[in-house]
Novice: 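Can you read through this structure? Questions will come right after.
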Protein chains: 2
Amino acid sequence: MTIRHFNKVDQSEMSFFCKNRSTKESKCIIRRVSAKRQQAIADREAELLVIAEQLVATEGFANFTMDKLTNNSSYSKGTIYNHFNSKEDLISALCIKSLKKELCLFKHAATFAGNSREKCLAILYAYQKHAFEDPTLFMCVLSAKTPAVMEKSSPERLERQEELTKEVTQFCDGLFTDALEDGSLVLKPGAELNSLVFAMWAMSFGTNALMVSAGALDTISRLDNRLAQLDNANLLLDGMGWHPLSDQWNYRDTWGRIEQQLFTNNPAT
Amino acid sequence: MTIRHFNKVDQSEMSFFCKNRSTKESKCIIRRVSAKRQQAIADREAELLVIAEQLVATEGFANFTMDKLTNNSSYSKGTIYNHFNSKEDLISALCIKSLKKELCLFKHAATFAGNSREKCLAILYAYQKHAFEDPTLFMCVLSAKTPAVMEKSSPERLERQEELTKEVTQFCDGLFTDALEDGSLVLKPGAELNSLVFAMWAMSFGTNALMVSAGALDTISRLDNRLAQLDNANLLLDGMGWHPLSDQWNYRDTWGRIEQQLFTNNPAT
DNA sequence: CGTCAAATATGACGATTCGTCATTTTAACA
DNA sequence: TGTTAAAATGACGAATCGTCATATTTGACG
């Protein structure tokens, strides 16, 4: 069960290790932690997250315990609590992992060769793909917004979450700005760019959240999973007046091309 | 802290009491539980939910425990576990309470005197009002969709949740059907009524969920809370082609009238 | 009104799980 | 190789969960 080997992991994402262990009377000579060790810690954190994700996926959130994580990893409880100061903090970390994956997918999606509205759809395709391929991770984003988790996870991780969320929205801002510049999107009087971005975010988040978590309801299961996000987006983007409108362009075709060109054979991970 | 008195509560919502205690060798004469007692049980369940909600609101989900519920009520642990077979089951019950309140508000909203699109907005207004006035309860709906809760709450409650959700969507179906009949809404070729209802659901749910749970993010906090739901809805409904379109009608005015006529002085609860 | 059996309430208890901390181990640097 | 700070360990106390044997209450019936 235990995963043996991992590629090196970006250290900048490492948790703030040892934060409460600063010696009261610190010597003037502070021994710098070696890069090698730092790397080892970052790798281990990634390893722990993978194991945690597997456990959550197979046994469910409810049955996931820190003790099980301990038993399924090669580390001790104390070590694990050096990384995550509570179970909720770990959920928060999974949420961050999810956001980072999203951002990565989004950037890949933005390379789609097409008009501005098609690029927007590419992002949404990536979002949906993420939610469906990795529902555990996607649900972590949802769970992390839950008071139960927010209240007990470390301030550092909450801040990181916020940072990443902001980064995502800024990324989307860019898409809309481009569309405004090339004239395919024109702000209606009284409308703001911000509110358009928020609308798209709310719509796509709501769509994914309902599909993943309430997919069993027959109101939803009767829909075509692969097209729900596209259909919803088309309604909204038409409403914004983002050209070409859906009756002037075959976006179903676009959807297929996005899948083929960006997300087959050569997936970005 | 303990609440003393409650009005009578609909018994049909009572949890399936005593379900695992059927005597192995049941006598032929099954003594019927008196209506009075049934009522008492239903009342108590409502009372417990109110206390639980207060506790969650003041101390947060994370710090809410069944022991605290026990201490803050006049009943013992065993009695409480007769109502809710786990902490998660209780969350589920709160979710059901929330859905019932929503449905009630929606029905009240549907009495708004206006065209079909205005009625739709009235529903959304009610939805937003609920989310903002009672965020704890609204978040319960979110939490209840979380695997942690789904996995541990009783099948009966999960079923009830599903039932209520279905009832809400059918209610929305009605709105759309009316609009189709009076011609203010025309299905685009290839579109289905189902997917339009789902789109509106996803949009409004996503909007509320983000506003309530991520409201601290400055991307969101810069928006006008009271109008976000309206603005998003207008974009979407314009995209559906639901007449009168937002440039042909002053829906901001409608929004104000909804508030005044339906939700001031004489609120439905 | 008194009796009795079924329904319901109680809270002590065992089992988990959480998170901590005194101690041991590791590894960087001289 | 020796020294010392950082990091790992796992036993432990506290808190919570959910159960169950026992006590109490209810109300149908004589």
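Below, read A as the first sequence line, B as the second, and so on, with proteins coming before strands; counting in each chain starts at 1. For clarity, every value in this text was computed on a predicted model and none was experimentally measured.
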Novice: Evaluate B:Ser92 against B:Gln161 for side chain to side chain contact (heavy atoms under 4.5 Å, CB included), listing each step before the verdict.
Specialist: CA-CA 8 Å; B:Ser92 207; B:Gln161 266 185 51; 2.6 Å; yes

Novice: Is any side-chain heavy atom of B:Ser98 closer than 4.5 Å to a side-chain heavy atom of B:Asp134?
Specialist: no

Novice: List the steps and the verdict of salt bridge (charged side-chain N to carboxylate O under 4.0 Å, His left out) for A:Glu163 and A:Lys166.
Specialist: CA-CA 5 Å; A:Glu163 255 178 57; A:Lys166 195 183 293 181; over 6 Å; no

Novice: Once you round it to whole Å, what is the distance between P of C:dC21 and OH of A:Tyr81?
Specialist: 13 Å

Novice: Mind calculating the distance between CG (A:Asn82) and P (C:dT25) to the nearest angstrom?
Specialist: 18 Å

Novice: Taking 4.0 angstrom as the limit, do B:Lys152 and B:Asp89 come out as a salt bridge?
Specialist: no

Novice: Distance check needed: D:dT16 P versus B:Asn71 CG, whole Å only.
Specialist: 10 Å

Novice: When the distance from CD1 of B:Ile91 to C1' of D:dC17 is rounded to whole Å, what number comes out?
Specialist: 14 Å

Novice: Please determine whether a side-chain nitrogen of the Lys or Arg among B:Glu53 and B:Lys101 lies less than 4.0 Å from a carboxylate oxygen of the Asp or Glu.
Specialist: no

Novice: I'd like to check the ring pair (Phe, Tyr, Trp, His ring centres under 6.0 Å) partners of B:Phe106; sequence neighbours left out, ordered by chain and number.
Specialist: B:Tyr127

Novice: Give each protein N/O atom lying under 3.5 Å from an N/O atom of nucleotides 13-17 of chain C, with the pair distance.
Specialist:
none

Novice: For A:Asp89 and C:dC18, what is the distance between atoms CG and C1' respectively, to the nearest whole Å?
Specialist: 14 Å

Novice: Report the distance from atom CD1 of A:Ile41 to atom C1' of C:dA27, rounded to the nearest whole Å.
Specialist: 12 Å

Novice: For the pair made of CG in A:Asn85 and C1' in C:dC21, what is the distance, rounded to whole Å?
Specialist: 16 Å

Novice: Could you state the CG-P distance from B:Leu69 to D:dC17, rounded to the nearest angstrom?
Specialist: 10 Å

Novice: Name all residues meeting the ring pair (Phe, Tyr, Trp, His ring centres under 6.0 Å) criterion together with B:Tyr125; count only those two or more places apart in sequence or in a different chain, and write none if there are none.
Specialist: B:Trp255, B:Phe263

Novice: With sugar-phosphate meaning primed atoms plus P, OP1 and OP2, does B:Thr70 contact a base, only sugar-phosphate, or nothing at under 4.0 Å between heavy atoms?
Specialist: nothing

Novice: Please determine if a side-chain N or O atom of B:Ser76 lies less than 4.0 Å away from the OP1 or OP2 oxygen of C:dG11.
Specialist: no

Novice: By nearest atom, which of the nucleotides D:dT9, D:dG18, D:dA7 is closest to the A:Tyr75 side chain?
Specialist: D:dT9

